[in-house]
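Taking it in order: structure first as structure tokens, then the write-up.
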Protein chains: 2
Amino acid sequence: MSLPHAILTALLEKPSSGLELTRRFDRSIGYFWSATHQQIYRELGKLEADGLIRALPAEQPARGQKKSYEVLPAGRAELARWTAAPQDPKPHRDPLLLRLRAAAVVGTGGIEADLRRHRELHARQLAEYQEIERRDFPPERNAPEDRLRHLVLRAGIDLETFWTRWLDHALAEFEQLPGAESADAGSADAPPAESRHAEGA
Amino acid sequence: MSLPHAILTALLEKPSSGLELTRRFDRSIGYFWSATHQQIYRELGKLEADGLIRALPAEQPARGQKKSYEVLPAGRAELARWTAAPQDPKPHRDPLLLRLRAAAVVGTGGIEADLRRHRELHARQLAEYQEIERRDFPPERNAPEDRLRHLVLRAGIDLETFWTRWLDHALAEFEQLPGAESADAGSADAPPAESRHAEGA
DNA sequence: TAAACCATGTAACATGTTACATGATTTT
DNA sequence: AAAATCATGTAACATGTTACATGGTTTA
């Protein structure tokens, strides 16, 4: 139940149309809550039906026409309620760690190359966040209203730093692995399938 | 498309029934890929229909009867393929960061108490992982087959350490916040709803 | 033998993903 | 006026969640 509240937050920051929201989800908000345009349109419909937002009465309703929404008092109240309500942390889901665990059983295959690729992607994301920090939160600018936004951005920066370093560590560990190939102990049925030709980083 | 591969990995480590799998997902595997028993039974049915696993012909099929599965050669091959295939990192989704961002708009409400609670939950999880590390990976035991499994556990330990520290930082930041109350700049419609009575940590 | 628990499962729904459809506006 | 792009939307499906149903086994 987070997408509607992500949309309410975005609309409170600035009333927008579906496509504008989609673009903002590709940037700031999407950094910790992504959504496609189909999800957003679907959710905008529900929020409007529930009386939490309304379409700005600017112009026409036709199909190819832009339609902007703003948050109604009931929507703001719902967002405040949700923000203050306790929530348990959801268990973390990470396909890459799952693959490493699988690699311990069926062999490492070409996974090392993908680890390197992920490392680079995280490093790039880190650079992007740091650029945003330089631009939006220079040392002078330290108003209380910005503190929370900056704190959230710091989480993004710290997380990408974390993963970059962890992947460095993992790659170092791989170099110490014997032949970097099939380490098994299980029921032994099929051949390890492909294994050579790593795709470079 | 990760749940079937999580199940294949678990079954290769040790053939199991649905409930046994559920229990193992509550422990080791579930630490980075959780699943409920309904998901697991549903997926076991699909994997069997696809010829990737089969029920051990031990005994009866009746309703309240235990039914164990093992991985077939095709299943092992599929897991090896999936493990080696490149995958893009999925964008990270974090409701707590979303709530902090919302708090920047509608006010902090009682969110501080929940931050403290999350901090304690992460600290507890960290302690659990460290206990597992002590038990399963003592310094003597350093066989190559264990390296990958240990690496994955380290990720869990490092992540919980990360969040514990980050939440400490966030809470320190909160103490510097003016009245620790409603910081707004937007369309101003509704009252900030509830705000007082934090629920202690 | 009733209650508690073990084990597998069904059903309904919420959320997220992928592919495609359609009208309006801008560019060539 | 054809092509590209903008903007909103439908449809089908995959995955995840919540509530409940059913038969068997153990324990009070």
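Computed from a predicted structure; not experimentally measured.
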Problem set entry | For atom CD of A:E43 and atom P of C:dT17, their distance in whole Å | 13 Å
For this session: Check whether any side-chain heavy atom of B:L98 sits under 4.5 Å from a side-chain heavy atom of B:D94, and report yes or no.
Result: no
Exercise. Looking at residues 90-98 of chain B, who's got a heavy atom less than 4.0 Å off DNA chain C?
Worked result: B:R93
Please tabulate, one pair per line, all N/O donor-acceptor pairs under 3.5 Å involving side-chain atoms of residues 164-174 of chain B, not counting sequence neighbours.
residue	atom	partner	partner atom	Å
B:T164	OG1	B:E160	O	2.7
B:D168	OD1	B:R119	NH1	2.9
B:D168	OD2	B:R119	NH1	2.8

Exercise. Given atom CZ of B:R42 and atom P of C:dA12, what is their separation to the nearest angstrom?
Worked result: 13 Å
For this session: Just jot down the side-chain hydrogen bond (donor to acceptor under 3.5 Å, both in side chains) partners of A:R135, sequence neighbours excluded, or say none.
Result: none
Seminar exercise, completed: Separation of C:dT17 atom P from B:Q87 atom CD, nearest Å, is 14 Å
For this session: Using heavy atoms and a sub-4.0 Å distance, could you list which residues of residues 17-27 of chain A are near DNA chain D? By number, please.
Result: A:S17, A:G18, A:L19, A:R23
For this session: Only counting residues at least two apart or in another chain, list the ones meeting ring pair (Phe, Tyr, Trp, His ring centres under 6.0 Å) with B:Y69.
Result: none
Would you be so kind as to tabulate the donor-acceptor pairs closer than 3.5 Å made by side chains of residues 4-22 of chain B, with sequence neighbours excluded?
residue	atom	partner	partner atom	Å
B:H5	ND1	B:M1	O	2.8
B:H5	NE2	B:E78	OE2	2.9
B:T9	OG1	B:H5	O	2.8
B:E13	OE1	A:R101	NH2	3.1
B:E13	OE1	B:R24	NH2	3.4
B:E13	OE2	A:R101	NE	3.0
B:S16	OG	B:K14	O	2.7
B:S16	OG	B:R24	NH1	2.9
B:S17	OG	B:E20	N	3.4
B:E20	OE1	B:S17	N	3.0
B:T22	OG1	B:G18	O	2.9

Exercise. Rounded to the Å, how far apart are A:I7 CD1 and C:dG16 P?
Worked result: 10 Å
For this session: Check salt bridge (Lys or Arg N to Asp or Glu O under 4.0 Å) between B:R134 and all other residues, then give those that pass, not counting sequence neighbours.
Result: B:E131
Problem set entry | Contacts of type side-chain hydrogen bond (donor to acceptor under 3.5 Å, both in side chains), residue A:T161, not counting sequence neighbours | none
Problem set entry | Test salt bridge (Lys or Arg N to Asp or Glu O under 4.0 Å) applied to B:E133 - qualifying residues, sequence neighbours left out | B:R154
Problem set entry | Rounded interatomic separation in angstrom, taking CG from B:L47 and P from D:dT15 | 11 Å
For this session: Tell me which residues in residues 30-41 of chain B put a heavy atom below 4.0 Å from DNA chain C, sorted by number, or none.
Result: B:H37, B:Q38, B:Y41
Problem set entry | OP1 or OP2 of C:dG9 under 4.0 Å from side-chain N/O of B:K67 | yes
Problem set entry | With A:A143 via side-chain contact (heavy atoms from CB on, under 4.5 Å) - residues at least two apart | A:E145, A:D146
For this session: Whole angstrom is fine here: how far is it from CE in A:M1 over to P in D:dT18?
Result: 12 Å
For this session: Using salt bridge (Lys or Arg N to Asp or Glu O under 4.0 Å) as the criterion, list what pairs up with A:D26, not counting sequence neighbours.
Result: none
